[in-house]
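Read through the structure below, which is laid out as structure tokens, and then see the notes.
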There are 2 protein chains.
Amino acid sequence: MNISPKSQAFVLHFGEMGSRWGFNRTVGQMFALLTIHPEPLNADQLAEALTISRGNVSMGLKELQAWRLVERQHIPGDRKEYFTTSGDIWDLARVVFEERRKRELDPTLTLLRSQLLEAPQDKQEAYAQEKMQEIYELLEQMNAFANSLNNLPPQQLKVLMSLGAGITKLLDFKNPLKKSDDKKNGEE
Amino acid sequence: MNISPKSQAFVLHFGEMGSRWGFNRTVGQMFALLTIHPEPLNADQLAEALTISRGNVSMGLKELQAWRLVERQHIPGDRKEYFTTSGDIWDLARVVFEERRKRELDPTLTLLRSQLLEAPQDKQEAYAQEKMQEIYELLEQMNAFANSLNNLPPQQLKVLMSLGAGITKLLDFKNPLKKSDDKKNGEE
DNA sequence: TTGAATTTTCAGAAATTTCTGAAAATAATA
DNA sequence: TATTATTTTCAGAAATTTCTGAAAATTCAA
């Protein structure tokens with residue numbers, strides 16, 4: 001279990017970023033290591049390579065499995081369980097994306113939905129509800145958009161992404177804007 | 001500074017979600033309260049309403065200002081500074097989105113870019129670099145996509161979002177896929 | 001200027017999250 | 001079945017993040 005300095009740097013970096021992406025440092029490190037390591041690794045190897053406790057590895061693997069980011073494998077003749085990240089990076093990204101959608105949007109949508117059912121009792125509440133309504137609509141739309149991205153077959157997803165700024169053209173076609181559009185309407 | 005129970009619930013919820021969106025509980029609460037409150041509030045009012053210390057409010061406001069999520073206002077005849085969330089919810093969402101893009105993608109892109117410049121020293125490193133390359137391309141594409149969404153004028157952004165699943169149609173038009181597409185090719 | 005009002009800072013306290021390691025549980029083999 | 005290998009659990013330790021409150025800095029007005 002010797003890792004080159006470069007790989008080391010990558011693993012540590014992923015650890016630091018992990019918390020921004022929704023899991024903790026060691027989980028991020030484990031994920032990174034499993035990704036760049038050609039062969040599957042067992043829990044002891046992970047613990048040794050990352051110098052963290054066996055227990056921590058066990059918990060981390062549990063979490064990665066819950067996220068469906070790693071796969072269990074068995075090596076004939078070896079009783080230990082081995083792990084790798086499952087195939088395609090794009091699939092992994094999709095999983096992270098979807099998991100975050102669930103955690104970051106769903107709960108708030110649920111709360112707002114129930115809040116908006118009740119009638120406001122006074123002026124103040126009416127104003128608050130107006131704002132909640134706006135937030136609700138925004139989040140609902142982001143949610144729907146995220147869902148449709150998620151359901152796109154991989155190939156189309158890539159096409160859409162690579163479209164990048166060119167997306168504007170497409171929109172113009174679908175929804176030709178009146179010249180009276182807001183702000184920047186210089187060219188064409 | 002009396003808040004209705006409903007507003008209270010909303011504020012608390014935003015506090016809990018805050019950490020998932022990239023800021024801490026009290027910052028989330030402050031943001032929520034400033035959003036649903038019709039009039040701007042000063043630091044003392046925030047501290048009282050949320051029962052947190054004056055110092056914490058000061059730090060929170062600093063952070064919200066760094067995110068460009070709140071605006072300072074002055075009320076004639078009052079020496080205190082007052083704050084509100086700036087206008088449109090969609091603008092605020094854009095700011096959060098962009099801020100997260102910066103924090104969650106940029107650092108990793110930078111690291112990977114430099115890692116990929118160096119030639120791999122052995123088989124193991126070569127494999128690791130292959131994976132890093134894949135991740136790099138993925139993140140780079142997400143990044144470009146996020147940027148183009150961010151630069152879309154508000155109106156078009158809404159159109160795109162509301163297009164939702166219908167986006168597929170558009171893609172078919174722009175990039176008609178050969179029947180030999182991967183995996184799911186049943187209908188049409 | 002001076003001084004009162006207001007805001008900011010930051011060391012240490014409190015709360016929260018993550019990690020360890022030994023014990024318990026589970027699984028495989030003999 | 002008993003024995004050994006392996007994994008999981010979880011109480012408390014360690015690390016990290018957030019919060020408080022008093023002191024320092026700043027701003028404004030007289």
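Chain letters run A, B, ... following the sequence lines, proteins first and then strands; every chain starts at 1. The analysis underlying the following values was restricted to heavy atoms, covering all of them including side chains, and did not include hydrogens, waters or symmetry mates.
The interatomic distance linking B/His74 (NE2) with D/dA29 (P) rounds to 10 Å, in whole Å. For the pair A/Glu63 CD and C/dT18 C1', the computed distance is 11 Å after rounding to whole Å. One atom, CG of B/Leu61, and another, P of D/dC19, lie 13 Å apart when rounded to the nearest Å. Going from atom CG of A/Leu50 over to atom P of C/dT18 covers 16 Å, rounded to whole Å. Straight-line distance from the CD atom of B/Glu81 to the C1' atom of D/dT26: 11 Å, rounded to whole Å. Separating the CD1 atom of A/Ile52 from the C1' atom of D/dA13 is a distance of 17 Å, rounded to the nearest angstrom. Going from atom CG of A/Asp78 over to atom P of D/dA5 covers 13 Å, rounded to whole Å.
Taking CE of A/Met59 as the reference point, atom CG of A/Leu64 lies at 12.5 Å (rounded to 0.5 Å). One finds the OG atom of A/Ser86 at 7.5 Å from the CG atom of A/Asp91 (value rounded to the nearest 0.5 Å).
Along DNA chain D, the nucleotide nearest A/Gln65 and the nucleotide nearest B/Ser53 are compared for position; the residue whose nucleotide lies closer to the 5' end is A/Gln65.
In this structure, A/Thr85 and A/Leu69 have side chains that are not in contact, with every pair of non-hydrogen atoms separated by 4.5 Å or more.
Ion pair A/Glu81/A/Arg72 flagged as a salt bridge, since at least one NZ, NE, NH1 or NH2 atom sits closer than 4.0 Å to an Asp/Glu carboxylate oxygen.
No donor-acceptor contact under 3.5 angstrom links the side chains of B/Asn150 and B/Ser148, judged on distance only.
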Detail all sub-3.5 Å separations between protein N/O atoms and N/O atoms belonging to nucleotides 9-11 of chain D.
| unit_1 | atom_1 | unit_2 | atom_2 | d |
| --- | --- | --- | --- | --- |
| D/dT9 | OP2 | A/Lys62 | NZ | 3.2 |

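Side-chain heavy atoms closer than 4.5 Å link hydrophobic residues (I, L, V, M, F, W, Y) into clusters, and following such links, even through other members, never connects B/Tyr82 to B/Val70. Residues A/Leu12 and B/Leu139 do not share a hydrophobic cluster, clusters being chains of Ile/Leu/Val/Met/Phe/Trp/Tyr side chains in contact below 4.5 Å.
In this structure, the nucleotide among C/dA4, D/dT6, C/dT7 sitting nearest to the side chain of B/Arg79 is C/dA4.
Ring orientation note: the planes of B/Phe14 and B/Phe31 are close to parallel, at an angle under 30° on the 30°/60° scale.
Contacts with DNA chain D (heavy atom under 4.0 Å) in residues 17-47 of chain B: B/Asn24, B/Thr26, listed by number.
The only member of A/Met132, A/Glu140, A/Glu137 that meets side chain to side chain contact (heavy atoms under 4.5 Å, CB included) when paired with A/Leu112 is A/Met132.
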